[in-house]
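Following: one structure in structure tokens, then a few remarks.
Protein chains get the first letters and strands the later ones, always in sequence-line order, with residue 1 at the start of each.
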2 protein chains.
Amino acid sequence: MSASKKLSTSVKAICYLAESFPNPKSSKDISDNIGGNASKLRQLLSMLAKNGIVSSSQGINGGFILTKHPGKIHLQEVYCSVEDRKAFHLDVNHSHGDSKDRTSIFNDYFLDLFADVQVEIEDKMRLISLQSIMNNLKIKSKYNDRLVPKE
Amino acid sequence: MSASKKLSTSVKAICYLAESFPNPKSSKDISDNIGGNASKLRQLLSMLAKNGIVSSSQGINGGFILTKHPGKIHLQEVYCSVEDRKAFHLDVNHSHGDSKDRTSIFNDYFLDLFADVQVEIEDKMRLISLQSIMNNLKIKSKYNDRLVPKE
DNA sequence: ATAAAATGTTACACTTTCCGTAACAATTAA
DNA sequence: TTAATTGTTACGGAAAGTGTAACATTTTAT
């Protein structure tokens, strides 16, 4: 799945969980609501769970619930949770010679250059909260800290 | 070819053309020097030619030459020449219903959001000239306006 | 004129990656 | 005990990427 699709799917799922808080929602519930495949959704959601954005419970009436206030979740955090790759990924030619040939030097330089751009993107994404997204989409969050079950 | 690979390959080619200015270099010369495939290189270079960064001539002793001072070529310009896609491309789920369903509204919003990020990236890339790249890589440019053949 | 060399473009087979689905062990609650 | 759910892996078809080849067109040298 492309990085941006992972991100947009994750955001949709988080919005849905915020909307239906504090009821746990199964991957099937979520996929019925936001589209996509339940199994692939679980892959995304398990990554969000590892990063403390949602929590999961198994068994009957299990599912996923939000564990963080939408105002405190930012796009960058969601992106990093579901995608290893940098947003502005550099795909360079592989060097065929030794480690200090011209191609390698060029690639090293380019990696630095792209790292700068990457920082810009991450800073920008850090400024966008899930709450602001929900506001724009007129989705009402029912999230409430006190209702989040402890670990 | 991935967008970033097109970009880095293009930059390498431009550096080589600046270095060997004003001698036209064939796609074969360039691929021998910077690696990659001559045919694929021609595809990139023909796009750079359409955007006025290089010019091409056919026939014996033909090839590509730089037509713009490295200090006046910027990464953003090179990127746009060889890649239609935005740098931070959004790959959204396709809507299956009518044009005003929830998925569509969500996607429209996301496109706006990513457009903002896109502007940041382009601004950042606009600040990086080919000349500065060549300086960092200690490549000497031999580019000289007066030696560029007229149309 | 002719031949040689180069671009610009298209096509193609091969490989890699993507994607939806299925499967199943582990876990949990009724 | 049973049913429902997560978490993870596997897989086959679809899509996209990659390197190469082919060839008409253009241009220059002889």
Side-chain angles (χ1 to χ4, degrees), chain A residues 1-10 13 17 20 23-32 34-51 53-67 81-85 89-94 96 149 151, chain B residues 1-10 13 17 20 23-32 34-51 53-67 81-85 89 91-94 96 149-151:
Chain A
M1 196 184 286
S2 72
S4 62
K5 195 169 179 183
K6 282 184 191 170
L7 180 59
S8 64
T9 302
S10 299
L17 292 179
S20 46
N23 304 107
K25 290 293 179 182
S26 71
S27 56
K28 172 121 194 351
D29 291 337
I30 302 174
S31 71
D32 284 347
I34 70 169
N37 178 266
S39 182
K40 276 279 186 285
L41 257 179
R42 289 204 294 279
Q43 290 178 348
L44 281 182
L45 288 163
S46 72
M47 289 191 273
L48 294 177
K50 280 170 188 162
N51 285 273
I53 296 172
V54 303
S55 75
S56 63
S57 57
Q58 290 178 311
I60 296 175
N61 295 331
F64 300 88
I65 67 172
L66 201 59
T67 53
S81 298
V82 298
E83 184 59 58
D84 289 333
R85 249 187 213 184
H89 176 72
L90 176 60
D91 192 13
V92 292
N93 289 97
H94 287 164
H96 36 74
E151 295 285 309
Chain B
M1 196 184 287
S2 73
S4 63
K5 195 170 179 183
K6 282 184 191 170
L7 179 58
S8 64
T9 303
S10 297
L17 291 179
S20 47
N23 304 104
K25 291 293 177 180
S26 72
S27 55
K28 173 122 194 347
D29 289 337
I30 301 173
S31 69
D32 284 346
I34 70 170
N37 178 267
S39 183
K40 276 279 184 283
L41 257 179
R42 288 204 295 276
Q43 290 178 346
L44 281 182
L45 288 163
S46 72
M47 289 189 273
L48 293 177
K50 280 169 188 162
N51 286 273
I53 297 172
V54 304
S55 75
S56 63
S57 57
Q58 291 176 312
I60 296 176
N61 296 331
F64 300 89
I65 67 171
L66 200 58
T67 53
S81 299
V82 297
E83 183 60 56
D84 290 333
R85 254 189 207 183
H89 176 71
D91 191 14
V92 292
N93 289 98
H94 287 162
H96 36 75
K150 296 198 173 159
E151 298 284 310

Could you tell me which residues satisfy side chain to side chain donor-acceptor pair (under 3.5 Å) with [X], sequence neighbours excluded, listed by chain and number?
{"X": "B:S81", "value": "none"}
{"X": "B:N51", "value": "none"}
{"X": "B:K28", "value": "B:D32"}
{"X": "B:S10", "value": "none"}

Expressed as a whole number of angstroms, how long is the span from B:D29:CG to C:dA6:C1'? 11 Å
In whole Å, what is the span from the CG atom of A:N37 to the P atom of D:dT6? 13 Å
With axes from five pairs an end, tell me the bend angle of the helix from C:dA1-D:dT30 to C:dA30-D:dT1, nearest 10°. 10°
Using modelled atom types only, decide if a donor and an acceptor are shared between the side chain of B:S46 and the backbone of B:Q43 within a distance under 3.5 Å. yes
Strand-adjacent residues in residues 38-51 of chain A, judged by heavy atoms under 4.0 Å from DNA chain D: A:S39, A:R42, A:Q43, A:S46, A:K50
Side chain to side chain contact (heavy atoms under 4.5 Å, CB included) partners of [X], counting only residues at least two apart:
{"X": "B:A49", "answer": "B:V54"}
{"X": "A:N37", "answer": "A:S39, A:K40"}
{"X": "B:S31", "answer": "B:A38, B:L41"}

Between side-chain atoms of residues 57-64 of chain A and protein atoms elsewhere (two or more places apart, or another chain), which donor-acceptor pairs fall under 3.5 Å?
none

Could you list, one pair per line, each protein nitrogen or oxygen that sits under 3.5 Å from a nitrogen or oxygen of nucleotides 15-17 of chain C, together with the distance?
none

Filtered N/O pairs between nucleotides 26-30 of chain C and protein, under 3.5 Å:
{"residue": "C:dT27", "atom": "O4'", "partner": "A:Q58", "partner atom": "OE1", "Å": "2.8"}
{"residue": "C:dT27", "atom": "O3'", "partner": "A:Q58", "partner atom": "OE1", "Å": "3.4"}

Does some side-chain heavy atom of B:I30 sit less than 4.5 Å from a side-chain heavy atom of B:L45? yes
